[in-house]
Enquirer: 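This is the structure I want to talk about, given as structure tokens.
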Amino acid sequence: MFERILIANRGEIALRIIRACKELGIQTVAVYSRADERSLHVQLADSAICIGNSASAESYLHVPSIIKAAEIFDVEAIHPGYGFLAEDAHFAEICESCRVKFIGPHPEVIRRMGDKAEAIRAARSAGVPVIPGSEGIVADKAEALKVVEKIKYPVIIKAAAGGGGRGMRVAHTDVALTSALQTAQAEAEAAFGNPAVYIEKYLENPRHIEIQVLADTRGNAVHLGERDCSVQRRHQKLIEEAPSPAITPSIRRAMTKATLKLVQEVGYVNAGTIEFLLDKDSDFYFIEMNTRIQVEHTVTEMVYGVDLVKEQIRIAAGERLSLDQRSIRPNGHAIECRINAEDPADRFRPCPGTIEFCSMPGGPNVRVDSHIYSGYTVPPHYDSLLAKLLAWGRDRREAIGTMRRALDEFYVNGIATTVPFHKHVMHHPKFVSGAFGNHFVDEVVRDQGWA
């Protein structure tokens with residue numbers, strides 16, 4: 001096992017990794033930007049070092065500074081968390097070349113599955129259902145029209161190196177296709193430094209389902225069921241739950257079987273997530289793989305009783321998985337609400353600033369993963385996530401009731417948060433019934449006059 005790990009991240013995920021390391025008896029090194037000098041992860045790590053200015057490009061994305069910090073503290077491994085450098089194959093290669101273990105999959109697997117078009121080819125090779133679309137990159141309008149002739153409208157154009165909803169555009173006509181193609185290519189170039197895009201059939205209001213996997217270096221791989229991430233705004237997840245209210249046992253069996261086939265196909269190691277869309281006819285299609293720990297991994301942890309971050313660390317240290325598929329059994333239902341520093345009544349406008357006072361909910365079956373505290377200043381430079389609020393119940397109805405109670409106990413004064421949005425959703429008939437898809441938030445926003 002490692003003696004010292006550097007955490008190349010910030011906020012709640014950095015704190016989450018610190019806690020896992022402490023329980024494993026591993027020393028931690030936190031890196032931070034000038035804006036995060038008073039952040040909780042800096043205070044709770046065994047050591048901490050400033051790696052640059054507030055801008056991500058000058059700190060959390062600045063590879064030389066992170067590697068230098070790793071050398072100064074003589075760490076054996078780096079945990080990238082999620083976001084920033086977590087899915088950067090080049091960074092993983094640099095870590096390995098410096099004899100520092102990257103806690104994640106092999107760089108070539110990150111590169112392969114990070115390219116959406118290549119990931120789809122891998123899924124096809126493994127016999128996993130994929131959405132009808134282009135065989136690879138679409139360079140211009142002429143190629144795009146040939147694809148549309150086969151799969152018909154509506155279609156969605158996606159950045160090959162994309163994520164987070166950037167570089168994505170929907171088209172219903174030839175005229176719209178031209179504009180959407182140009183816009184998606186420009187967005188992809190600006191966001192990822194790669195203008196490559198591909199085209200898929202656009203599914204109307206599907207469910208977004210993802211399967212959590214763990215795989216070790218000895219060929220062992222397991223799944224830990226599904227998460228439903230359909231409550232999204234502009235492709236950004238707001239609420240996640242496990243298990244999905246839309247998944248039947250037969251669909252689950254087929255989806256998890258396909259997932260493990262793909263894991264085997266690409267030689268995946270460590271924690272990862274295979275993401276699918278589920279249409280109105282209960283057919284599912286692979287869309288992408290996230291080669292890292294997910295924000296919403298906590299939902300799975302509550303239902304399956306597995307510490308995914310500890311498993312990541314053990315796998316990276318060369319240990320065998322501590323569990324097998326037969327021993328993995330779900331227990332109850334869990335829901336996660338992402339509490340962001342945003343004002344839902346003002347088009348979800350980001351609301352950085354100083355938190356005058358905050359009080360977190362507690363009590364039975366409630367979990368809060370957060371880095372905020374009274375007096376903490378939320379910087380404007382990064383993601384707006386303040387906390388992940390989780391509620392567990394013996395069934396979905398009980399989990400919703402616990403979440404309602406927990407949201408009533410969640411107080412943050414000084415800045416606006418998305419707590420009012422979550423309170424509304426927890427009482428919405430469509431959410432309570434489980435009859436919702438990816439466009440559910442658009443309906444809520446429109447009905448409440450938040451658009």
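Here the structure is a predicted model, which means the values were calculated and not measured.
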Enquirer: Only pairs at least two apart or in different chains count here, so list each side-chain hydrogen bond (donor to acceptor under 3.5 Å, both in side chains) that has a residue in residues 65-75.
Expert: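 Non-adjacent pairs meeting side-chain hydrogen bond (donor to acceptor under 3.5 Å, both in side chains): His62-Ser65.
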
Enquirer: Just to verify, what does Thr217 make a side-chain contact (heavy atoms from CB on, under 4.5 Å) with, not counting sequence neighbours?
Expert: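 side-chain contact (heavy atoms from CB on, under 4.5 Å) check on Thr217 returns Val269.
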
Enquirer: Name all residues meeting the side chain to side chain donor-acceptor pair (under 3.5 Å) criterion together with Glu443; count only those two or more places apart in sequence or in a different chain, and write none if there are none.
Expert: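 If we apply the side chain to side chain donor-acceptor pair (under 3.5 Å) test to Glu443, skipping adjacent residues, the hits are Lys430.
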
Enquirer: Please tell me whether Gln232 and Arg234 have a donor and an acceptor in their side chains that are separated by less than 3.5 angstrom.
Expert: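 No, Arg234 and Gln232 have no side-chain donor paired with an acceptor closer than 3.5 Å.
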
Enquirer: Could you tell me which residues satisfy side-chain contact (heavy atoms from CB on, under 4.5 Å) with Val170, sequence neighbours excluded, listed by chain and number?
Expert: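 For Val170 the side-chain contact (heavy atoms from CB on, under 4.5 Å) partners, ignoring immediate neighbours, are Ile156, His172, Tyr202.
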
Enquirer: Sequence neighbours excluded, which residues qualify as ring pair (Phe, Tyr, Trp, His ring centres under 6.0 Å) partners of Tyr60?
Expert: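 Phe84, Tyr382.
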
Enquirer: Rounded to the nearest 0.5 Å, how far apart are CD1 of Ile400 and CZ of Arg404?
Expert: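 One finds 6.5 Å between CD1 of Ile400 and CZ of Arg404.
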
Enquirer: Who passes salt bridge (Lys or Arg N to Asp or Glu O under 4.0 Å) against Glu187, sequence neighbours left out?
Expert: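 For Glu187, the residues satisfying salt bridge (Lys or Arg N to Asp or Glu O under 4.0 Å) (neighbours in sequence not counted) are Arg169.
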
Enquirer: Got Glu240 and Val299 here, is their nearest side-chain heavy-atom distance under 4.5 Å?
Expert: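 They are in side-chain contact.
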
Enquirer: With sequence neighbours excluded, tell me which residues meet side chain to side chain donor-acceptor pair (under 3.5 Å) with Asp346.
Expert: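 Residues passing side chain to side chain donor-acceptor pair (under 3.5 Å) with Asp346: Arg349.
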
Enquirer: Mind checking salt bridge (Lys or Arg N to Asp or Glu O under 4.0 Å) for Glu93 and listing every partner two or more places apart, or none if nothing turns up?
Expert: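 With sequence neighbours excluded, Glu93 shows a salt bridge (Lys or Arg N to Asp or Glu O under 4.0 Å) to Arg111, given in chain and number order.
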
Enquirer: Holding to side-chain contact (heavy atoms from CB on, under 4.5 Å), I want the full list of residues that pass it with Pro330, two or more places apart in sequence or in another chain.
Expert: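 For Pro330, the residues satisfying side-chain contact (heavy atoms from CB on, under 4.5 Å) (neighbours in sequence not counted) are Val303, Tyr304.
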
Enquirer: Please name all residues satisfying ring pair (Phe, Tyr, Trp, His ring centres under 6.0 Å) with Phe431, sequence neighbours left out, ordered by chain then number.
Expert: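 In terms of ring pair (Phe, Tyr, Trp, His ring centres under 6.0 Å), with neighbours along the sequence ignored, Phe431 is linked to Phe436.
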
Enquirer: Is the His428 ring parallel, tilted or perpendicular to the His424 ring (thresholds 30°, 60°)?
Expert: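 Rings of His428 and His424: perpendicular, over 60°.
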
Enquirer: Just jot down the salt bridge (Lys or Arg N to Asp or Glu O under 4.0 Å) partners of Lys237, sequence neighbours excluded, or say none.
Expert: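 Residues passing salt bridge (Lys or Arg N to Asp or Glu O under 4.0 Å) with Lys237: Glu210, Glu275, Glu296.
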
Enquirer: I'd like to check the side chain to side chain donor-acceptor pair (under 3.5 Å) partners of Thr402; sequence neighbours left out, ordered by chain and number.
Expert: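 If we apply the side chain to side chain donor-acceptor pair (under 3.5 Å) test to Thr402, skipping adjacent residues, there are no hits.
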
